[in-house]
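The next block holds one structure in the form of structure tokens; read it before the comments.
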Amino acid sequence: MADRSANLESPAADAFPPPSAQGWRGRLVWPLSLLSGLLLWLAYFPADWGWLAWFALMPWLWILRIGRRRVVLSSFGGGMLFGLLAVQWVRLAHPTMYFAWFGLALLLALHWWLFAVGVRWLVTRQQLPLPLVGPLLWTVCEFLRARLDIGFSWYFLAHTQHHLLPYLGLVPVTGAYGISALVMLVNTVLTEFLIRWHRRGQCSLVSMTATVGLSNRALFWWSLLAISLLLVNPLLAWHWQKMFPPFGVERIVIVQPNEPQEIRNEPSEERWQKFLDSFKELVKQVHAHLHHDPLIKLVIWPETSMPYTWVRVQKVSADPTSTNTLLARPWNLFTPEEFEQVQEEERETLVTIRELARLLPVPQVHGVNTRLYFVDDTASPSQPGAIRYQLVRYNSALLVDSQGNVLDRYDKMYCIPFGEYVPLRDIFPWMEWLSPYSYDYSILPGTQAKPLAVVTKGGINFAVLICYEDTVPHLPRQFLTDSSAQFLVNISNDGWFHGSEEHEQHLAIARFRAAETRRSLVRSVNMGISAVIDGDGSILALPKENWQASKACPAVFVADVPQYAGLTIYVRWGDWFCWSCVVGLGLSLLVSGGQHFVLHRRSSGNFARSA
């Protein structure tokens with residue numbers, strides 16, 4: 001009996017499982033991988049059963065540990081099922097976005113596939129502990145997704161726990177990545193318990209064929225680590241509340257229109273008039289709030305929600321030696337009539353802004369499309385009377401004071417592929433077919449992460465994140481490292497997605513940016529969900545009574561926004577935790593590769609001597 005037990009503890013015991021075991025495991029590979037994909041999807045919106053995430057990956061991890069054939073391919077399938085279910089709302093934006101739906105699902109499936117390859121190599125072949133490899137590898141995969149230019153920093157494991165954010169004290173230290181690692185750690189420890197339970201005879205077939213699990217001592221220490229991290233979170237959260245107390249509040253009006261994207265994608269006179277009528281109604285509501293509450297300091301409008309485009313004409317000298325890359329591009333030509341039309345549009349823009357300031361005499365944030373014309377101040381020698389120019393487009397936030405003067409502008413830095421530019425268009429012209437527009441709509445990314453400030457007595461200093469910039473973990477901290485921004489503002493246009501679960505998921509992710517930076521986050525979002533998020537990630541104010549009622553509806557509401565100072569560890573040190581995981585994973589690969597090389601050389605030498 002002792003010999004048999006010893007054999008079961010050895011790696012060779014699973015090297016040649018009986019044929020019945022191979023068939024049984026082969027039949028389980030796909031169902032269990034797909035089951036994990038389904039369970040993990042249920043942990044996000046629309047179901048929002050976040051508690052499932054703590055064990056949703058167990059079926060998949062278990063089959064990774066005991067399976068042999070097709071387990072990596074089934075992992076790709078499980079990730080693909082999860083991706084297709086999770087990001088199905090992308091297709092609602094435009095018929096061409098069905099391709100983006102499939103592409104994002106493919107990206108999530110590659111995440112699962114890469115994780116499976118790493119686990120099979122490091123855990124099954126090199127016998128490293130799954131509770132070590134799992135969190136390291138999953139964190140690195142999420143980090144890669146967030147850092148790629150066309151990456152997708154949605155659907156982190158951490159995002160399933162957004163309701164617990166006020167108690168997740170690791171977030172200001174590690175960012176959302178630390179919670180993702182913790183969720184994966186719990187999944188891996190539970191999977192090891194499941195393997196040990198089966199090996200003890202609860203299922204004779206599995207006990208005869210299961211891969212080597214952790215020793216009792218190792219399983220105890222990994223369990224203790226998981227429990228300790230779970231318990232330290234609320235203690236750290238209490239510490240941050242004491243260390244970063246709010247020092248004041250600012251009363252702000254938040255505007256939420258309810259305009260579908262078709263107003264811009266398929267414009268018509270009727271739709272434009274309807275938009276203007278809705279805009280005037282929102283202005284009336286804001287005016288009423290200002291009339292009854294003199295303490296209001298700021299009005300925030302969503303991304304590209306204004307009835308004007310910010311048009312500016314700037315004369316420049318076309319100096320061939322200039323280092324400005326914008327002026328190095330081919331020049332376009334204006335006729336005098338076209339140039340006069342652009343100047344008239346510029347004047348009308350200023351009149352519109354001043355009229356809004358007259359009706360709403362407080363500082364405002366306007367979400368606008370920006371068109372900058374750089375005009376050569378010398379006439380073209382080849383075409384007398386023509387005017388050379390360069391056109392640059394941005395997605396911007398304007399800060400307007402109570403007199404209608406534009407104080408500052410922030411240009412969006414993180415542009416969305418296909419929504420704001422066509423990637424690789426010069427190399428693959430056919431990529432334009434995947435665009436929702438039939439014309440050149442590309443914008444340039446901004447170059448400066450700068451806060452906006454109202455310089456008055458008791459002035460306001462805040463940072464603006466436009467659209468999905470609040471889903472990029474490493475971006476908000478760039479506004480805080482060298483500035484004193486007291487809170488964050490997110491202006492977004494989610495009218496593309498017609499009241500789907502995208503609205504809730506976007507808000508859930510935004511909560512992590514508030515908790516990571518220990519700054520309140522004010523969201524003004526077309527079609528919702530607008531909100532005020534406290535520095536610990538808790539929701540302070542919504543347009544309506546709950547999340548569901550607060551989307552796909554017009555609203556204007558007033559909220560007191562707490563102001564914070566100081567810098568969290570995550571703001572100071574950035575993605576130190578992710579880079580530590582990269583180093584740890586790299587060392588694991590290096591050590592395992594070295595061991596494999598040494599064993600191969602020894603076996604080759606023994607074979608040569610025996611021959």
Side-chain angles (χ1 to χ4, degrees), residues 14 17 20-44 47 49-88 101-125 128 130-131 133-142 144-145 152 154-157 159-160 180-181 183-195 197-198 203 205-206 209-213:
D14 194 49
S20 60
Q22 289 181 348
W24 176 80
R25 288 188 292 180
R27 289 192 298 271
L28 276 183
V29 162
W30 277 95
L32 291 182
S33 297
L34 295 175
L35 176 61
S36 278
L38 178 63
L39 291 176
L40 188 59
W41 170 64
L42 291 172
Y44 299 93
W49 295 345
W51 49 272
L52 276 176
W54 296 100
F55 55 87
L57 299 178
M58 282 179 60
W60 175 44
L61 293 172
W62 185 57
I63 206 65
L64 277 178
R65 293 285 277 115
I66 72 169
R68 280 292 182 266
R69 300 172 57 189
R70 302 185 300 276
V71 67
V72 173
L73 182 60
S74 73
S75 299
F76 181 88
M80 195 69 183
L81 175 64
F82 167 70
L84 289 172
L85 292 172
V87 300
Q88 64 83 26
W101 174 29
F102 179 80
L104 290 174
L106 182 63
L107 180 64
L108 294 171
L110 288 174
H111 179 154
W112 283 49
W113 176 84
L114 184 61
F115 180 86
V117 171
V119 167
R120 295 296 291 173
W121 171 261
L122 293 172
V123 178
T124 306
R125 295 191 61 179
L128 294 179
L130 179 62
V133 173
L136 288 179
L137 187 54
W138 191 271
T139 302
V140 170
C141 289
E142 288 189 346
L144 286 175
R145 281 206 284 123
F152 189 55
W154 288 53
Y155 297 102
F156 286 5
L157 283 182
H159 299 158
T160 62
S180 291
V183 173
M184 177 54 76
L185 175 63
V186 172
N187 273 271
T188 57
V189 169
L190 292 177
T191 300
E192 292 292 346
F193 270 109
L194 180 62
I195 291 173
W197 176 68
H198 280 297
C203 178
L205 180 60
V206 179
T209 60
T211 310
V212 175

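Taking the six-membered ring for Trp and the full ring otherwise, F115 and W138 have centroids separated by under 6.0 Å. For Y44 and F82, the distance between ring centers is under 6.0 angstrom.
Put simply, CG on L190 and CG on L185 are 9.5 Å apart, with the number rounded to the nearest 0.5 Å. Expressed to the nearest 0.5 Å, how far CG of L107 lies from CE of M80 amounts to 10.5 Å.
Across all non-hydrogen atoms, the minimal contact from L137 to L114 is CD2-O, 4.2 Å. Contact detail for Y155 and A86: the closest heavy-atom pair is OH-O, 2.8 Å. Nearest heavy-atom pair across L39 and L52 is O-CD1, 3.8 Å. Minimum heavy-atom separation, W101 to V87: CD1-O, 3.3 Å. The two atoms that bring P59 and S36 nearest to each other are CD-OG, 3.4 Å, heavy atoms only. Taking every heavy atom of both residues into account, S180 and F156 meet most closely at OG-CB, 3.7 Å.
Looking at W60 and S75, their side chains do bring a donor and an acceptor atom within 3.5 Å of each other.
Below 30°, between 30° and 60°, or above 60°: for W49 and W51 the angle between ring planes is below 30°, a parallel geometry.
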Residue pair R120, R125: steps toward the side-chain contact (heavy atoms from CB on, under 4.5 Å) verdict
CA-CA 6 Å; R120 295 296 291 173; R125 295 191 61 179; 6.0 Å; no
Determine, step by step, whether I195 and E192 satisfy the side-chain contact (heavy atoms from CB on, under 4.5 Å) criterion, reporting the C-alpha distance in whole Å, the side-chain angles of both residues, the deciding distance to 0.1 Å, and the verdict.
CA-CA 5 Å; I195 291 173; E192 292 292 346; 4.3 Å; yes
May I have the step-by-step check of side-chain contact (heavy atoms from CB on, under 4.5 Å) for L61 and F55, ending in yes or no?
CA-CA 10 Å; L61 293 172; F55 55 87; over 6 Å; no
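Between L108 and L104, the closest side-chain pair of non-hydrogen atoms is not below 4.5 Å.
More than 12 heavy-atom neighbours from other residues, nucleotides or ligands sit within 6.0 angstrom of CH2 on W154.
Among V186, T188, L157, T191, the single residue meeting the side-chain contact (heavy atoms from CB on, under 4.5 Å) criterion with L57 is L157.
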